[in-house]
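Working notes, structure below.
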Amino acid sequence: MEHTRRDKICDLLRSKIYDREVTVKGWVRTKRDKKTFGFIELNDGSTIRNIQIIVDFATVYGNTLNNLQDQNTFANWKEITTGAAVCITGKLVESPAAGQPVEIQAQKITVYGTADPESYPLQKKGHSLEFLREIAHLRPRTNTFGAVLRIRHAMAYAIHKYFNDNGFYYIHTPIITGSDAEGAGAMFRVTTLNDQQPPKLPDGRVDYTQDFFGKMTNLTVSGQLEAELGAMALSLVYTFGPTFRAENSNTPRHLAEFWMIEPEMAFYDIHDNMDLAEDFLKFLMQYALDHCIDDLEFLNKMYDNELIDRLRSVIASRFERLTYTRAVEILIASGQQWEFPVSWGTDLQAEHERYLVEKHFGKPVILTDYPKDIKAFYMKQNDDGKTVRGMDVLFPKIGEIIGGSQREEDLESLRRRISEMNIPEKDVWWYLDTRRFGTAPHAGFGLGFERLILFVTGMANIRDVIPFPRTPKNAEF
RNA sequence: UCCUCCUUAGCUCAGUUGGUUAGAGCAUCUGACUGUUAAUCAGAGGGCCGCUGGUUCAAGUCCAGCAGGGGGAGCCA
C-alpha cells in the first residue's frame with residue numbers, strides 16, 4: 001500500500017490555512033447520501049470532533065448515483081459505512097455551511113477496512129453504557145469512550161507532570177509480592193504449581209516452598225510499603241501502578257484490577273500531607289479543564305450537567321479539615337435518621353460521609369485522627385493513645401477518593417502495633433529495618449486512579465472509566 | 001456476600017384481568033431528494049419473548065430454579 005502522510009483531524013479543525021491538499025485517515029462515523037454528492041463524518045481519535053468530507057461524485061467517481069447500475073464505479077462508495085477505516089485525500093476549505101469551520105473536498109478515497117453494516121454493532125445513534133460494556137473491544141470508537149480515554153490519558157500524564165515538577169521520583173514497586181501484611185483486602189494467588197496435584201506438606205497443606213518463588217506469592221494490593229522504602233532514601237517518591245483486590249465487590253465504585261497513585265514523603269507530617277493532597281487534586285482538575293475542555297463539554301452535556309461547575313467549585317474551595325471526633329459530634333448533633341447509628345469508635349458509613357460533604361459543608365472534606373482500631377498498623381499514633389494520624393479526603397458524589405496518613409516512625413510503637421494486629425514480624429522485617437536505621441517522620445497517601453477519573457469525567461460507573469474492567473465473574477477481552 | 005429491580009428485533013423499549021398472526025422508534029436494505037450535519041420522505045426485511053421446569057383448555061404475561069445485567073448496602077481505593 002502506498003504510504004501517505006496523515007494530517008490529524010484535531011490540527012485541521014484548528015487550521016486557518018485553506019485551499020491546500022490534506023490527507024486524513026480515520027473511521028467513518030456517518031455517511032449521508034445525496035444524488036450527486038455525499039458527506040462523510042470522519043473521526044481519528046485525535047479529538048472528539050469529526051471532520052466533514054464532501055464527496056462530489058463527478059469529481060471522485062466520474063459519475064453520479066443515478067448510474068447505480070454501474071457497480072464498479074461505486075463499489076468504493078458503497079464500502080464507506082459506519083465503522084469503516086478510510087484514507088481520504090482532498091482540499092481543505094472553509095466550510096460554506098454552518099456546523100463546522102472547515103471541511104475537505106475529496107479527491108481520492110481509499111478504503112482500508114470495511115465494516116459490514118449488518119453486523120457492525122455500533123450505530124450512529126447512542127447506545128446504553130451497559131450494552132457498550134459487552135463490546136468493550138469496540139467501545140473506544142464511541143464519542144463517550146473516546147472522551148473518557150483521552151481524559152484518562154491526560155490525567156495520567158498530569159500526575160507524572162505534577163510529581164516531576166515538584167521534585168518527586170517515580171518508583172516502580174513490585175506487582176508480585178510475597179507479603180500480605182497490608183491487610184487491604186483479599187489477594188489473588190500467583191503460582192505455577194500443578195493445579196491438579198500440587199505438592200503437599202505432611203499436614204496436607206500445599207507446599208509453597210516448591211512454588212516458583214519458593215514461597216506463597218500474590219498480586220499486590222498496594223505499593224505503599226515499598227514506596228516508604230524509597231522515601232527513606234530519595235525523600236519524595238510516588239508509585240503509579242496496577243493493584244489487585246480479590247474482594248467480591250459488586251458496585252459501581254470497585255474493580256478487581258485498578259490503578260493507584262501513592263506518593264510517600266520523608267519529613268512530611270500529616271498537615272504537609274493534607275496540603276499536598278489538596279494541591280495535587282486541584283492541579284489535576286485544572287489540568288483537565290485546560291487540556292480536555294472539548295471532551296468535558298461533551299460529557300457535561302450528555303451525562304452530567306453539573307460536571308464542569310463541580311470541577312471549578314472544587315478548585316475554588318478550601319477543603320474542610322476536621323477530626324474524626326468532631327465529625328462524629330456533627331453527625332450526632334445533626335438530628336438525621338441514620339441507617340447505621342453513629343458512635344465514636346466505629347467507621348463512618350457512606351451515608352455519613354455523604355452528609356458531611358454534600359449537606360453539612362458542601363465541599364470536599366478531609367477527616368483526620370481516626371480511632372486506631374479501625375485503621376492500618378502503620379499509621380502514627382497520637383499521644384492520646386486512642387487515635388492515629390490518618391486522613392481521608394472525601395469528595396462529593398464518590399466519597400473517599402484519597403486515604404493516607406503520617407506513618408509511625410518509632411520502631412517500638414510500630415512493633416507493638418504489629419503484635420496487637422497479629423502480623424508476623426518475620427513477614428515485615430525489611431519494613432521494620434527502615435525504623436531501625438535512620439528512621440524519620442514521613443507521610444503519604446493513596447489515590448484510586450479510576451475514582452479520580454470518575455470524578456473528572458462525571459461518569460457514574462467505574463467500569464466505564466477503564467478500558468477493560470475486571471470485576472467478579474468478568475475478565476473478558 | 002446481602003437487599004431489590006430488570007432480561008421481548010442489531011439497539012432502546014411498549015405489550016391491558018393469561019386469549020387469534022408479538023408492536024413502535026432508531027439502525028439495516030431499496031428508492032426519492034442540489035449543502036447535509038443524530039438530515040428528511042416513501043417502502044421492505046428482521047423475533048427460541050434469557051435458559052430449564054411447572055400451573056393452565058391456553059403463558060411474552062402466573063410460579064420455581066438457574067444464568068446474565070442494573071441500582072442500593074457491606075468491604076474498600
Under 4.0 angstrom between Arg354(A) side-chain N/O and A73(B) OP1 or OP2:
yes
Candidates C33(B), C11(B), G74(B) - which lies nearest the side chain of His127(A)
C11(B)
Nearest-neighbour nucleotide for the Thr30(A) side chain, G35(B), A39(B), G71(B) considered
A39(B)
What integer number of Å spans the P atoms of C11(B) and C2(B)?
30 Å
In plain terms, say whether Asp464(A) and Arg139(A) are close enough for a salt bridge, that is, a side-chain N and a carboxylate O under 4.0 Å apart.
yes
Respond yes when some side-chain nitrogen or oxygen of Arg463(A) is under 4.0 Å from OP1 or OP2 of G69(B), and no when none is.
no
To the nearest Å, give me how far apart CZ (Phe57(A)) and C1' (U34(B)) are.
12 Å
Between U1(B) and Asn250(A), counting only base atoms on the nucleotide and side-chain atoms on the residue, is there a donor-acceptor pair under 3.5 Å?
yes
Please determine whether the number of non-hydrogen atoms from other residues, nucleotides or ligands lying under 6.0 Å from atom OH of Tyr169(A) exceeds 12.
no
Check every atom of U30(B), G74(B), U36(B) against the side chain of Ala97(A) and return the nucleotide holding the closest atom.
U36(B)
Quick check for you: among G72(B), U1(B), U36(B), whose closest atom lies nearest to any side-chain atom of Glu103(A)?
U36(B)
If you only use heavy atoms from C-beta on, which nucleotide in C11(B), G68(B), U1(B) is closest to the side chain of Asn248(A)?
U1(B)
Any chance you could lay out the ring-ring contact (aromatic ring centres under 6.0 Å, His included) test for Phe280(A) and Phe163(A), step after step, and finish with the verdict?
CA-CA 9 Å; Phe280(A) 176 54; Phe163(A) 285 128; 4.8 Å; yes
Should the pair Tyr370(A) and Tyr324(A) be assigned to parallel (<30°), tilted (30 to 60°) or perpendicular (>60°) ring geometry?
tilted
Taking atom P in both C62(B) and C76(B), compute the distance separating them and give it to the nearest angstrom.
40 Å
Whole-Å distance separating the CG atom of Leu122(A) from the C1' atom of U12(B):
15 Å
Phosphate oxygens OP1/OP2 of C33(B): is one of them under 4.0 Å from a side-chain N or O of Lys35(A)?
yes
Taking only the side-chain nitrogens and oxygens of Ser128(A), find out if one of them lies under 4.0 Å from OP1 or OP2 of U12(B).
yes
Which nucleotide, if any, forms a Watson-Crick or G-U wobble pair with G68(B), using both distances under 3.5 Å?
C6(B)
With a 3.5 Å cut-off and heavy atoms only, can you find an N or O donor on one side and an acceptor on the other between the side chain of Gln123(A) and the base of G10(B)?
yes
Quick one: sort the Tyr355(A) and His360(A) rings into parallel, tilted or perpendicular, breaks at 30° and 60°.
tilted
Taking only the side-chain nitrogens and oxygens of Asn50(A), find out if one of them lies under 4.0 Å from OP1 or OP2 of A38(B).
no
May I ask you to say what Gln52(A) touches in the nucleic acid, namely base, sugar-phosphate or nothing, with a heavy-atom cut-off under 4.0 Å?
base
Just how far, in rounded Å, is C1' of G35(B) from CD1 of Ile53(A)?
15 Å
So if I take every side-chain heavy atom of Gln349(A) and compare against G35(B), C75(B), G71(B), which nucleotide ends up nearest?
C75(B)
Under 4.0 Å, heavy atoms only, any strand: does Thr82(A) hit a base, just the sugar-phosphate, or nothing?
nothing
Between C76(B), G72(B), U37(B), spot the one nearest the side chain of Arg245(A), thanks.
C76(B)
Who is the Watson-Crick or G-U wobble partner of C33(B), with both distances under 3.5 Å?
none
Please determine whether a side-chain nitrogen or oxygen atom of Arg32(A) lies at a distance below 4.0 Å from atom OP1 or OP2 of A38(B).
no
Report the residue from Asp304(A), Ile151(A), Ile48(A), Asn143(A) that forms a side chain to side chain contact (heavy atoms under 4.5 Å, CB included) with Leu299(A).
Ile151(A)
Using the rule ring pair (Phe, Tyr, Trp, His ring centres under 6.0 Å), only one of Phe240(A), Phe455(A), Trp259(A), Phe258(A) pairs with Phe449(A); which is it?
Phe240(A)
With rounding to whole Å, what would you report as the distance between G45(B) and U61(B) at their P atoms?
27 Å
Partner of U20(B) under the Watson-Crick or G-U wobble criteria, both distances under 3.5 Å, comes out as none
Answer with base, sugar-phosphate or nothing: what part of the nucleic acid does Phe258(A) contact at a heavy-atom distance below 4.0 Å?
base
Under 4.0 Å between any heavy atoms, over every strand shown, what does Pro117(A) touch: base, sugar-phosphate, or nothing? Just pick one.
sugar-phosphate
Between G35(B), G69(B), C75(B), spot the one nearest the side chain of Phe39(A), thanks.
G35(B)
May I have the distance from Gln100(A) (atom CD) to G35(B) (atom P), rounded to whole angstrom?
14 Å
What interatomic distance, in whole Å, is found between P of C6(B) and the corresponding atom of C13(B)?
13 Å
I want to verify a distance call: between C29(B), G71(B), U37(B), whose nearest atom is closest to the Glu41(A) side chain?
U37(B)
A39(B), OP1 or OP2 - any side-chain N/O from Lys31(A) closer than 4.0 Å?
no
Rounding to the closest angstrom, what is the interatomic distance between C48(B) and U8(B) at atom C1'?
12 Å
What contact category does Ile401(A) fall into here, base, sugar-phosphate, or nothing, at under 4.0 angstrom with non-hydrogen atoms?
sugar-phosphate
What's the CD1-C1' distance between Ile9(A) and U37(B), to the nearest Å?
15 Å
Decide whether Tyr378(A) and Gln224(A) meet the rule of one side-chain donor and one side-chain acceptor closer than 3.5 Å.
yes
With no angle test and no hydrogens, is the base of C76(B) tied to the side chain of Ser249(A) by a donor-acceptor pair under 3.5 Å?
no
Re U28(B): Watson-Crick or G-U wobble partner, both distances kept under 3.5 Å, found to be A44(B)
Under 4.0 Å between a side-chain N or O of Lys34(A) and OP1 or OP2 of G35(B)?
yes
Who is the Watson-Crick or G-U wobble partner of G53(B), with both distances under 3.5 Å?
C63(B)
So if I take every side-chain heavy atom of Glu118(A) and compare against U28(B), C11(B), G71(B), which nucleotide ends up nearest?
U28(B)
Would you measure the distance from the P atom in G46(B) across to the matching atom in U7(B) and give it in whole Å?
25 Å
Assign Gly38(A) to base, sugar-phosphate, or nothing according to its heavy-atom contacts below 4.0 angstrom with the strands shown.
nothing
Are Lys386(A) and Asp369(A) within salt-bridge range, i.e. N to O under 4.0 Å?
no
Under 4.0 Å, counting only non-hydrogen atoms across every strand here, what does Ile54(A) touch: a base, just sugar-phosphate, or nothing?
base
